[in-house]
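The structure under discussion appears below in the form of structure tokens.
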There are 2 protein chains.
Amino acid sequence: MTRTTSSPPIGVAVSTVIFRLRREADDARLELPLVRRTRDPHEGQWALPGGWVDLAENLESTASRTLAETTGLAPSYLEQLYAFGDVGRSPGRVVSIVYWALVREDIARATEQHNVAWFDATALPALAFDHNHIVDYALWRLRNKVGYSRIAHGFLPDRFTLAELREVYEAILGRRLDPANFRRQVEGSGTLIPTDDFRTGSHRPARLYRYNQDVELADRGPLPQ
Amino acid sequence: MTRTTSSPPIGVAVSTVIFRLRREADDARLELPLVRRTRDPHEGQWALPGGWVDLAENLESTASRTLAETTGLAPSYLEQLYAFGDVGRSPGRVVSIVYWALVREDIARATEQHNVAWFDATALPALAFDHNHIVDYALWRLRNKVGYSRIAHGFLPDRFTLAELREVYEAILGRRLDPANFRRQVEGSGTLIPTDDFRTGSHRPARLYRYNQDVELADRGPLPQ
DNA sequence: TCAAAAGTGTTACTCTTACACCCATGT
DNA sequence: ACATGGGTGTAAGAGTAACACTTTTGA
């Protein structure tokens, strides 16, 4: 198990699937940013943002850095997704550690960079490498995780109404939820703290809630790192 | 995002947490094989089996290979656990893609290799690198996964009694389960097919069951790769 | 016939789901 | 006043957990 440094090295890269929630007239949908490749392989095609891992940079730091470079934002949630390293997935043997992230910004901020565009996460074009596959897996993980953890709040500001929170769940899960039952479940979980303020809108004002920071509950296990 | 091949390369390794079930008088417990390191760093300490990834070898293949070299066995279950790549975890920057596996063998076969020993998974000595942490995470994942998938059968032969299956669950979860309720749950899931044979032992014979291969149910999502 | 595991029955309790209904506000 | 979303009540059904009970074998 000594490292024999003869053959050409394996490239280690990090890519990140970054989700944001785009609110529209009657519903909301998931979007993610893609970068147009300017060189081979797959020149001209859209790909996940990412980059090579610097020798003195942690994997998660690389994900945060490329995320900031692409969107100008800091993630409200960031987690490792999977390490993809099959021999044929890229010329010259590259192992990609893929992360997935949530960002809070709803409207496209100063994110208008060249060669970066946001796409509907459920209707993507043909991407470079195995990136379609990776996005599918990230979507599955997001939908799964929303069921047993509090990540939905990664899309929301500090204070929000129950209807806004429910809208996030509905966008992720792709189906409507009963407002009455949703309220009871989320109130019963103890993860929300009601504030004294209300969001006044077109009809009866709705109470604003914020997160209970103390409750790290059910975030599913010890962090691996 | 071009690969600048100036600095020394990042090493890419695979390690594997291999679980087996050791049956004893009244209960069963989880064990895993460790390898005694013969060089620095951490010479003399116990570590997870693993090795460098060959340039033409898939990550999962590397896990299978090192698993076979260590135990002489083929895994009945093999899944990626996590990619550990923090800067300080090993001298010289190494990214370890860690897998976890189940093997069927109950008794120690011809596994008696030099510098390889099996340890109680819940009472390990101080291991090399961050391997204690990795094992903890693998144990958490195993316990978690047994709740919603069929991996428990990775420890059992083709045909088995419900008591044997329950014993596996009890060893993994670390607590007793009600035989009556366990039977109903597992029978109701439709994953088991009863055979016409019975295991005759010290008391009333117990029916043998086998797996329903058709039901890939609830193995939780699309395979990432 | 007795101990012990195999297997069945029953009940209480929790959680989910569906949906009826009242409340409070802007227009 | 009324439409609309905020918020409460309630009851049926599914799933869980605890435990009493019957069955079948080897010793």
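In the text below, chain A, chain B and the rest are named by the order of the sequence lines, each starting its count at 1. The model shown is predicted, which means the values in this text are computed figures rather than measured ones.
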**OP:** Could you check how far CD of E164(B) sits from P of dG7(C), rounded to whole Å?
**Re:** 12 Å
**OP:** In whole angstrom, give the distance that lies between atom CZ of R175(B) and atom C1' of dT16(D).
**Re:** 11 Å
Original post:
Does any N or O donor sit under 3.5 Å from an N or O acceptor when you compare the side chain of R204(B) with the base of dA6(C)?
Top reply: yes
**OP:** Between S202(B) and A206(A), name the one whose nearest nucleotide on DNA chain D is closer to the 5' end.
**Re:** A206(A)
Original post:
Any luck finding a side-chain donor-acceptor pair between N181(B) and R184(B) under 3.5 Å?
Top reply: yes
**OP:** Please tell me which of the listed nucleotides, dT8(C), dA18(D), dC19(C), lies nearest to the side chain of N181(B)?
**Re:** dA18(D)
Original post:
For atom CG of D178(A), is the number of surrounding heavy atoms from other residues, nucleotides or ligands below 6.0 Å larger than 12?
Top reply: yes
Original post:
With respect to the phosphate group of dG7(C), does any side-chain polar atom (N or O) of R183(B) fall under 4.0 Å of OP1 or OP2?
Top reply: yes
Subject >> Whole angstrom value for the distance that separates P of dC19(C) from CG of L177(A) >> reply: 15 Å
Original post:
Can you tell me how far C1' of dT17(C) sits from CZ of R176(A), to the nearest Å?
Top reply: 18 Å
**OP:** Give the rounded distance in Å between these two atoms: CD of E187(B) and P of dG9(C).
**Re:** 11 Å
**OP:** Please report the C-alpha distance between Y209(B) and F160(B) in whole Å, then the side-chain angles of each, then the deciding distance to 0.1 Å, and finally whether the ring-ring contact (aromatic ring centres under 6.0 Å, His included) criterion is met.
**Re:** CA-CA 5 Å; Y209(B) 290 80; F160(B) 48 86; 7.3 Å; no
Original post:
Contact class for A180(A) vs. all strands (heavy atom < 4.0 Å): base, sugar-phosphate, or nothing?
Top reply: base
Original post:
With a 3.5 Å cut-off and no angle check, do the side chains of E167(A) and Y169(A) form a donor-acceptor pair?
Top reply: no
**OP:** Would you kindly say whether T122(B) and D120(B) are connected by a side-chain donor-acceptor distance under 3.5 Å?
**Re:** yes
Subject >> Atom pair distance, as rounded to whole Å: CG in D178(A) and C1' in dA20(C) >> reply: 11 Å
**OP:** Using atom CZ of F198(B) as one end and atom P of dA6(C) as the other, report the distance to the nearest whole Å.
**Re:** 12 Å
Subject >> Length of the CZ-P vector between F182(A) and dC19(C), whole Å >> reply: 20 Å
Original post:
The side chain of R184(A) lies closest to which of these nucleotides: dC19(C), dG7(C), dG7(D)?
Top reply: dC19(C)
Original post:
If you check every side-chain atom of P205(B), which of dG26(D), dC19(D), dT24(D) has the closest atom?
Top reply: dT24(D)
**OP:** Identify which nucleotide among dT4(D), dT16(C), dA17(D) has an atom closest to any side-chain atom of Q185(B), counting heavy atoms from C-beta outward.
**Re:** dA17(D)
